[in-house]
Amino acid sequence: MKEMICIVCPKGCHLNIDESTLAVNGNGCPRGAEYARTELTAPVRVLTSTVRLVGGELERCPVRTDRAVPRDRLSDIMAEIHRASVTHPVHIGDTVISDVCGTGADVIVTRDL
């Protein structure tokens with residue numbers, strides 16, 4: 001039996017998951033059960049970071065993936081983000097890297113600069 005706290009909503013349900021059957025107890029909604037199963041079988045995260053900003057007042061620009069990416073690919077994605085840069089001006093939603101590391105997710109700007 002695996003125990004975890006659901007992070008899908010502010011309720012923070014205490015989940016109990018049978019690792020052999022993936023049966024979930026303690027969830028207050030269906031999203032909690034889906035979260036628990038995903039977290040045990042193929043965990044994903046939305047990645048936030050910064051990239052170099054060329055020609056702007058600030059040196060870095062905040063970015064994030066536009067969807068959750070496999071947790072085991074985070075190091076590869078961070079390496080690609082580290083190599084990237086954007087040129088001033090940038091706007092919220094601008095794509096910095098398309099299909100980062102073949103995940104289907106784009107790295108997008110999260111602040112107008």
Side-chain angles (χ1 to χ4, degrees):
M1 191 68 71
K2 175 89 173 173
E3 295 181 11
M4 67 176 60
I5 296 175
C6 181
I7 60 169
V8 175
C9 77
K11 282 177 69 176
C13 296
H14 290 260
L15 308 175
N16 294 301
I17 307 100
D18 181 327
E19 293 180 80
S20 60
T21 64
L22 295 181
V24 180
N25 294 311
N27 53 303
C29 69
R31 295 181 306 163
E34 180 183 342
Y35 164 76
R37 289 186 192 102
T38 300
E39 191 63 19
L40 286 180
T41 59
V44 294
R45 301 287 186 271
V46 172
L47 178 63
T48 61
S49 187
T50 60
V51 296
R52 277 188 303 272
L53 178 64
V54 177
E57 197 171 297
L58 301 175
E59 294 180 10
R60 308 291 295 174
C61 173
V63 297
R64 70 171 175 84
T65 55
D66 67 347
R67 66 190 65 154
V69 295
R71 190 176 69 192
D72 63 354
R73 299 296 309 276
L74 293 180
S75 293
D76 298 333
I77 295 168
M78 282 301 299
E80 193 160 331
I81 288 172
H82 179 72
R83 291 188 292 272
S85 64
V86 293
T87 303
H88 184 269
V90 293
H91 303 285
I92 292 175
D94 287 354
T95 299
V96 178
I97 305 169
S98 296
D99 190 22
V100 64
C101 295
T103 62
D106 295 341
V107 176
I108 60 170
V109 173
T110 61
R111 179 179 172 190
D112 287 332
L113 293 173

Remaining members of the apolar cluster that contains I108, side-chain heavy atoms under 4.5 Å: none
Non-hydrogen side-chain atoms of V63 and T110 separated by less than 4.5 Å: no
Contacts of D18 that satisfy side-chain contact (heavy atoms from CB on, under 4.5 Å) - sequence neighbours left out: S20, T21, A23
ILVMFWY cluster, V44 and V24 together (side-chain gap under 4.5 Å): no
With sequence neighbours excluded, residues passing side-chain contact (heavy atoms from CB on, under 4.5 Å) with D94: V90, H91, V109
Heavy-atom donor-acceptor pair, T95 side chain to I97 backbone, under 3.5 Å: no
With sequence neighbours excluded, residues passing side-chain hydrogen bond (donor to acceptor under 3.5 Å, both in side chains) with R31: none
Pairwise side-chain hydrogen bond (donor to acceptor under 3.5 Å, both in side chains) hits with a residue in residues 49-58, at least two apart: T50-R60
For L40, all residues meeting side-chain contact (heavy atoms from CB on, under 4.5 Å), sequence neighbours excluded: K2, M4, I17, E19, L22
Straight-line distance of L47 CG to D66 CG, nearest 0.5 Å: 11.5 Å
N25 side chain vs N16 backbone, donor-acceptor pair below 3.5 Å: no
Residue pairs involving residues 35-50 (criterion salt bridge (charged side-chain N to carboxylate O under 4.0 Å, His left out); sequence neighbours excluded): E39-R45, E39-R71
Qualifying residues under side-chain contact (heavy atoms from CB on, under 4.5 Å), relative to T103, sequence neighbours excluded: V69, P70, R73, I77, V100, C101, A105
Of all pairs that satisfy side-chain hydrogen bond (donor to acceptor under 3.5 Å, both in side chains), the ones with a partner from residues 79-90, not counting sequence neighbours: none
